[in-house]
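Just below is one structure, and these are the notes that go with it.
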Amino acid sequence: MSDFRGKVAVVTGGASGVGRALGARFAREGMRVLLADVEKAALDATVAELRGQGGDVSGFVTDVSDFASVSALARHSFETHGAVHLLCNNAGIGTDESRTMLWDSTENDWKWAFAVNVWGVLNGIRAFVPEMLKRGEPGRVVNTSSGNGGLVLIPTTPIYATTKSAVSTLTEALHLQFKLVRAKLEASVLYPGPHVVATNIFTAARNRPADLPPERPLGKPPTLDDLRGWAEKSGREFKVTTPEEVADYAFDGIRSGRFFLLPESVDMDQRIRARVEGVLARRDPELQLG
C-alpha cells in the first residue's frame, strides 16, 4: 500500500497502547479508522480524543476471543465504510507468569492467553479476509507478535512467548497462502520494540473473563519502575519504547510493503543471529533472561 488517504483501517486493541498509536498514525495519514476494543469506556475516550485531533475515527466494542463478536465487527466495517484495506489484529494480553514454571502453570492462564493472543488473530483473519478477497481490492493484514517468542525467547514467560510464536507462524502461512491464490492482499507481522513497550499489557488482568478465573491469587503486575529496578540490579541498561515509536516504524514498513515490521536494533539483531546460528550448528539453547 502506498496511497492511504481515504482508505479504511481496522485496529483491534485500539483503545490504548500500540493499537491506539497505530490508529492515531493512520488517521494522520488521512485514513478512515475503526478502533475495536473490549473496554467501552477506554474506547470511547480514545475515539473522542482522536476525533478532537481531526481524525476520521470511530469505535466498535469487540471481544476478539469471540468469533461472533469479531464477525459483528467485520459486518459493521464493510456496511459502514464499504471496504477494509488495512486490518491490524493487534489485541493481546499477558498473564501473571512471575511465580510459575511450565510444570505448575495453570490451565486457565493458557486458555485465556491463547483465546486472545492466538484465536483473536485467527478470528480476525476468518472474519475479514474472505470478504476482503471477494472485493478484490489491494490490502494488508498486520498481526502483532512479539520479539519474545516470535523471534527469540524469554524463558520466564512461556505462556506469552508460545502465543506470540504462534502468531508469527500463522502470519507467515497467511503471507504465503495469499501468494498461492495470487491475492491482492499481503500480510505483515509486527514486533513491538526493541525495548519494553510502555502499554497497559501489564494490567491485562482487568479484562480477564469471569469464566476463566485465576487458579491462584494474582500477583501485583510489575510496573516499568519495577522492571527498571530489576535491570539495574543485574547491571543491565533499561530502556523503554513508546507506542508512538512502534506505530511510526510499523507505518513505514506497511508503506514499503514489508512482511517483517521490525525495529532497528543491534542487540535484537545479534540475538536473532545467535539463535539462527545455534539452530544451524545444532547447539542447545542458551539461557537468556532479558
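Numbering starts at 1 and runs along the sequence shown.
- For the side-chain hydrogen bond (donor to acceptor under 3.5 Å, both in side chains) criterion with His85, the lone passing option out of Arg135, Arg32, Glu137 is Glu137.
- Not one N or O on the side chain of Lys179 forms a donor-acceptor pair closer than 3.5 Å with the backbone of His175.
- With hydrogens and angles left out, the side-chain atoms of Ser188 and Arg140 include a donor and acceptor closer than 3.5 Å.
- In the hydrophobic clustering of this structure, Leu73 groups with Val141; members are Ile, Leu, Val, Met, Phe, Trp, Tyr whose side-chain heavy atoms approach within less than 4.5 Å, directly or through other members.
- Judged by distance alone, with hydrogens and angles left aside, the side-chain atoms of Ser165 form no donor-acceptor pair with the main-chain N or O of Thr162 at under 3.5 Å.
- Closest heavy-atom contact between Thr62 and Ala36: OG1-CB, 3.5 Å.
- The main-chain N or O of Ile201 is found under 3.5 Å from a side-chain atom of Thr199 such that the two form a donor-acceptor pair.
- Atom CG in Leu86 sits 11.5 Å away from atom CD in Glu186 (nearest 0.5 Å).
- Taking every heavy atom of both residues into account, Val61 and Ser69 meet most closely at O-OG, 4.4 Å.
- Geometrically, Arg126 engages Phe67 in a cation-pi contact, judged by NZ or CZ lying under 6.0 Å from the ring centre and within 45° of the ring axis.
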**Asked** Do Thr171 and Asn143 pass the side chain to side chain donor-acceptor pair (under 3.5 Å) test, and can you show the C-alpha distance, the side-chain angles, and the key distance before you say yes or no?
**Response** CA-CA 7 Å; Thr171 308; Asn143 299 327; 2.9 Å; yes

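- Residues satisfying the side-chain hydrogen bond (donor to acceptor under 3.5 Å, both in side chains) criterion with Asp269, sequence neighbours excluded, are absent altogether.
- A pairwise comparison of heavy atoms in Thr46 and Gly14 identifies CG2-O, 3.8 Å as the closest pair.
- Under the 4.0 Å criterion applied to side-chain N and carboxylate O atoms, Arg20 and Glu49 are assigned as salt-bridge partners.
- The backbone N or O of Thr144 sits less than 3.5 Å from a side-chain atom of Lys164, completing a donor-acceptor pair.
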side-chain contact (heavy atoms from CB on, under 4.5 Å) between Glu245 and Asp248, intermediate numbers included: CA-CA 5 Å; Glu245 289 174 312; Asp248 284 343; 5.6 Å; no

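- Residues Met132 and Leu185 come closest through the heavy atom pair CB-CD1, 3.8 Å.
- Checking side-chain atoms of Asn108 against main-chain N and O of Pro213 turns up a donor-acceptor pair under 3.5 Å.
- When atom types are taken as modelled, the side chain of Arg271 and the backbone of Arg275 share no donor-acceptor pair closer than 3.5 angstrom.
- Linking Ile, Leu, Val, Met, Phe, Trp and Tyr residues whenever their side-chain heavy atoms come within less than 4.5 Å places Ile93 and Val70 in a single cluster.
- The distance from the CG atom of Asp267 to the CZ atom of Arg236 is 10.0 Å, given to the nearest 0.5 Å.
- Note that the CZ atom of Arg75 and the OG1 atom of Thr80 stand 11.5 Å from one another [nearest 0.5 Å].
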Let me see the working for Met101 and Asp104 under side-chain contact (heavy atoms from CB on, under 4.5 Å), right down to the final yes or no.
-> CA-CA 6 Å; Met101 294 293 180; Asp104 66 1; 3.9 Å; yes

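- Cluster membership check: Val47 does not share its hydrophobic cluster with Val64, using side-chain heavy-atom separations under 4.5 Å among Ile, Leu, Val, Met, Phe, Trp and Tyr.
- Val116 and Leu190 fall into different hydrophobic clusters, defined by Ile, Leu, Val, Met, Phe, Trp and Tyr side-chain heavy atoms under 4.5 Å apart, directly or through other members.
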- [ ] Would you please test Ser265 and His195 for side-chain contact (heavy atoms from CB on, under 4.5 Å) and show each step?
- [x] CA-CA 9 Å; Ser265 170; His195 313 297; 5.7 Å; no

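- Listed here is the closest heavy atom pair of Ala250 and Leu22: CB-CD2, 4.0 Å.
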Dump the intermediate steps for side chain to side chain donor-acceptor pair (under 3.5 Å) on Thr106 and Asp109, then the final yes or no.
-> CA-CA 5 Å; Thr106 67; Asp109 283 355; 3.1 Å; yes

Exercise. Just do the side chain to side chain donor-acceptor pair (under 3.5 Å) check on Asn148 and Ser146 with the steps written out, would you?
Key: CA-CA 5 Å; Asn148 178 18; Ser146 172; 5.2 Å; no

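- Following chains of ILVMFWY side-chain contacts shorter than 4.5 Å, one cannot reach Val142 starting from Phe259, and the two form parts of different hydrophobic clusters.
- With values rounded to the nearest 0.5 angstrom, Gln53 atom CD is found 8.0 Å from Arg28 atom CZ.
- Results of the side-chain hydrogen bond (donor to acceptor under 3.5 Å, both in side chains) test with Thr163 over Thr157, Asn117, Thr95 single out Asn117 as the only residue that passes.
- In this structure, Phe260 and Tyr191 have parallel ring planes: the angle between them is below the 30° cut-off, well short of the 60° mark.
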Legend entry - Working for side-chain contact (heavy atoms from CB on, under 4.5 Å), residues Val189 and Glu172: CA-CA 8 Å; Val189 58; Glu172 187 168 354; over 6 Å; no

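- The CG atom of Leu34 sits 11.5 Å away from atom SG of Cys88, with the distance rounded to the nearest 0.5 Å.
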### CA sep, side-chain torsions, deciding dist, call: Glu39, Arg206, salt bridge (charged side-chain N to carboxylate O under 4.0 Å, His left out)
CA-CA 10 Å; Glu39 291 189 274; Arg206 69 193 185 280; 3.0 Å; yes

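- Here the shortest heavy-atom pairing between Ala24 and Leu50 reads CB-CD2, 3.8 Å.
- If you check the side chains of Ser145 and Ser168, you find a donor sitting under 3.5 Å from an acceptor.
- With a 4.5 Å cut-off on side-chain heavy atoms, Pro194 and Thr241 count as touching.
- Note: Ile254 CD1 to Glu29 CD = 10.5 Å, rounded to the nearest 0.5 Å.
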